[in-house]
Trainee: 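Let me give you the structure first, and then I'll get to my questions.
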Amino acid sequence: MPIINDILFTEEEMHGNALAKALSMSANDIVIEIRESGLKGRGGAGFPTGTKWMLAMAAVSEKKFVICNADEGEPGTFKDRVLLTEYPKIVFEGIVIGGYAIGAQKGFLYLRGEYRYMLKQLETYLEQMRKENRLGNNILGSGFNFDIEIRLGSGAYVCGEETALVESLEGHRGEARNRPPFPVNTGYLGYPTIVNNVETFANASVIISKGGEWYSQYGTNKSKGTKLLSVSGDCQKPGVYEVPFGITIKELLQLVEASDTKAVQIGGASGFCIPKTEFDRKIAFEDVATGGSIIVFNESRDMLHILKNFMEFFVEESCGQCVPCRIGNVKLLEGVEKIEHGQCSFAYLNELIELGKSMQIASKCGLGQSSPNSFISIINNFEDEIFSKR
């Protein structure tokens, strides 16, 4: 599957010189270039990548590690799969560049368990990199040693959270850690570690190749660069689209040829459901942020059925470690079922919305903090539709 409307991820980048250029620079200059580009984490959280790398670079330790988060488990997201299968060069070289920048010698690609079918292809590409001296000892004669190992996840959604991912890599049950300390100080096996998304490493490779100033010409003042969006649902042209940050939802719907659209779920099940009255809003960190999932719903869709599907997903995927998430998601699902049977009063519904807000604050990790988003946004935006049918 090709990337549609590509800006950064072009055929030219497949043959770029990012790695050779990076190894001719100092680690400090690389981190500054990444910081000045304005690159933020593309997994959804939006933490400044340059800051993360700078903190890990400054940490004093005998070992450091790089982890590429390819545990693409958010419903409706498939853009990292496309990057790994169609553009492995810029992803893996981005990982090597990250390792060089922070002083690491080992990197991991944490691959979603359902992507096992990609393993042989990716291992073959890594072996090709070693033969070409772009991976292994004395990379391109620079004196820098770095290698990458692929580890498979086990299908747990919570391992998309960086500390749960680290726990899984260490052979433990995938559960979020208390923070602080953060992985940049105490990560894999207790050593400083950077954890970035597949798309983030690909962006880093392009930035080093073309420069932070070139990169920052795209996007908005607070959201630099472009974003890969996995578009699915009720549209004529689903697929992976690269768009500059700041594009409106309306413009995106025109691009994918969607019609009679009632709502757009931005950010997957853990994101927000945007009604058609708000389609002028922008996809950007300062407005509607997303890790990449865009699901389009037309007027034929029952929003309560959609909400029930999302809440069943979170009840299933919660690791059960903290009470707000373990119990809260069950209560929200029970609320949806009460609405289905005409047994939910408006007073109780308001209590559930307040419960969701408490979960956003009190849950230990991003799963529990974001799982109420769909419930709150769909109930608030489609309350009339939901109750008029019941």
Trainee: Report yes if the side chains of Met303 and Phe297 come closer than 4.5 Å at any heavy-atom pair, otherwise no.
Mentor: yes
Trainee: Strictly below 4.0 Å, N to O, side chains only: are Glu299 and Lys276 in salt-bridge contact?
Mentor: yes
Trainee: Run the side-chain contact (heavy atoms from CB on, under 4.5 Å) test against Lys40 and tell me which residues pass, sequence neighbours left out.
Mentor: Arg42, Phe285
Trainee: Looking at Ile139, is its backbone amide N or carbonyl O close enough to the side chain of Ser142 to form a donor-acceptor pair, meaning the two atoms are under 3.5 Å apart?
Mentor: yes
Trainee: With no hydrogens and no angle check, is any side-chain donor or acceptor of Asn138 less than 3.5 Å from a backbone partner on Gly143?
Mentor: yes
Trainee: Just so I know, are the side chains of Ser223 and Glu286 near enough to count as touching, which here means a heavy-atom distance under 4.5 Å?
Mentor: yes
Trainee: Using a strict 4.0 Å threshold on nitrogen-to-oxygen distance, state whether Lys106 and Glu149 make a salt bridge.
Mentor: yes
Trainee: Dump the intermediate steps for salt bridge (charged side-chain N to carboxylate O under 4.0 Å, His left out) on Arg112 and Glu72, then the final yes or no.
Mentor: CA-CA 6 Å; Arg112 181 184 180 187; Glu72 190 174 42; 5.6 Å; no
Trainee: Decide yes or no for Tyr125 and Lys89: does some side-chain heavy atom of the first lie under 4.5 Å from some side-chain heavy atom of the second?
Mentor: yes
Trainee: For side-chain hydrogen bond (donor to acceptor under 3.5 Å, both in side chains), just list the numbers for Ser371 and Asn329, CA-CA rounded to whole Å, side-chain angles, deciding distance to a tenth of an Å, and then say yes or no.
Mentor: CA-CA 7 Å; Ser371 61; Asn329 282 308; 2.9 Å; yes
Trainee: Pair Lys227, Glu199 - check salt bridge (charged side-chain N to carboxylate O under 4.0 Å, His left out), show working.
Mentor: CA-CA 9 Å; Lys227 184 74 189 79; Glu199 186 183 350; 2.7 Å; yes
Trainee: What pairs with Glu123 under side-chain contact (heavy atoms from CB on, under 4.5 Å), at least two apart in sequence or on another chain?
Mentor: Leu119, Leu126, Ile150
Trainee: Between Asn69 (side chain only) and Asn196 (backbone N and O only), is there a donor and an acceptor less than 3.5 Å apart?
Mentor: no
Trainee: With no hydrogens and no angle check, just 3.5 Å: does a side-chain donor-acceptor pair link Ser300 and Asn298?
Mentor: yes
Trainee: Carefully, step by step, assess Asn373 and Ser370 under the rule side-chain hydrogen bond (donor to acceptor under 3.5 Å, both in side chains).
Mentor: CA-CA 5 Å; Asn373 291 344; Ser370 61; 4.9 Å; no
Trainee: Counting only heavy atoms not in Gln217, do more than 12 sit closer than 6.0 Å to its CD atom?
Mentor: yes
Trainee: Can you tell me how far CD of Glu242 sits from CG of Leu8, rounded to the nearest 0.5 angstrom?
Mentor: 4.5 Å
Trainee: For Lys338, is there an ion pair with Glu351 - N to carboxylate O distance below 4.0 angstrom?
Mentor: no
Trainee: Do Asp80 and Tyr115 have side chains that get closer than 4.5 Å, going by heavy atoms?
Mentor: no
Trainee: Please walk me through it: do Lys224 and Asn203 pass side-chain hydrogen bond (donor to acceptor under 3.5 Å, both in side chains)?
Mentor: CA-CA 11 Å; Lys224 298 294 186 181; Asn203 272 263; over 6 Å; no
Trainee: Donor-acceptor pair, Ser205 side chain versus Phe201 backbone, under 3.5 Å?
Mentor: no
Trainee: Under a 3.5 Å distance rule, please check whether Ser363 uses its side chain to pair with a backbone N or O of Gln360 as donor and acceptor.
Mentor: no
Trainee: Applying side chain to side chain contact (heavy atoms under 4.5 Å, CB included) to Gln369 and Glu161, what does each step give before you reach the verdict?
Mentor: CA-CA 12 Å; Gln369 293 164 9; Glu161 195 276 336; over 6 Å; no
Trainee: Please determine whether side chain to side chain contact (heavy atoms under 4.5 Å, CB included) holds for the pair Leu307 and Phe375, giving the CA-CA distance in whole Å, both sets of side-chain angles, and the decisive distance to 0.1 Å.
Mentor: CA-CA 6 Å; Leu307 177 55; Phe375 184 92; 3.9 Å; yes
Trainee: Would you say that more than 12 heavy atoms from the other residues, nucleotides or ligands in this model lie under 6.0 Å from the NZ of Lys21, or not?
Mentor: yes
Trainee: First locate atom CZ of Phe313, then atom CG of Leu333, and finally report the distance between them rounded to the nearest 0.5 Å.
Mentor: 13.5 Å
Trainee: For a quick test of reading the model, state the closest non-hydrogen atom pair linking Ile34 to Gly50 and the distance between them.
Mentor: CG2-N, 3.7 Å
Trainee: Between Ser293 and Gln265, does a side-chain hydrogen bond (donor to acceptor under 3.5 Å, both in side chains) hold up when you go through it step by step?
Mentor: CA-CA 8 Å; Ser293 174; Gln265 183 75 16; over 6 Å; no
Trainee: Taking side-chain hydrogen bond (donor to acceptor under 3.5 Å, both in side chains) as the test, write out the residues that go with Gln128, two or more places apart.
Mentor: Glu132
Trainee: Is Asp234 salt-bridged to Lys262, cutoff N-O under 4.0 Å?
Mentor: no
Trainee: Does CD in Glu257 sit with more than 12 non-hydrogen atoms of other residues, nucleotides or ligands closer than 6.0 Å?
Mentor: yes
Trainee: Using atom types as modelled and distance alone, determine if a side-chain donor or acceptor of Glu33 lies under 3.5 Å from a backbone N or O of Ile207.
Mentor: no
Trainee: Do Phe245 and Lys282 come within less than 4.5 Å of each other through their side chains, counting heavy atoms only?
Mentor: no
Trainee: Using atom types as modelled and distance alone, determine if a side-chain donor or acceptor of Ser26 lies under 3.5 Å from a backbone N or O of Asp29.
Mentor: yes
Trainee: Describe, in one word, how the ring planes of Tyr100 and Phe144 are oriented to each other, choosing from parallel (under 30°), tilted (30 to 60°) and perpendicular (over 60°).
Mentor: perpendicular
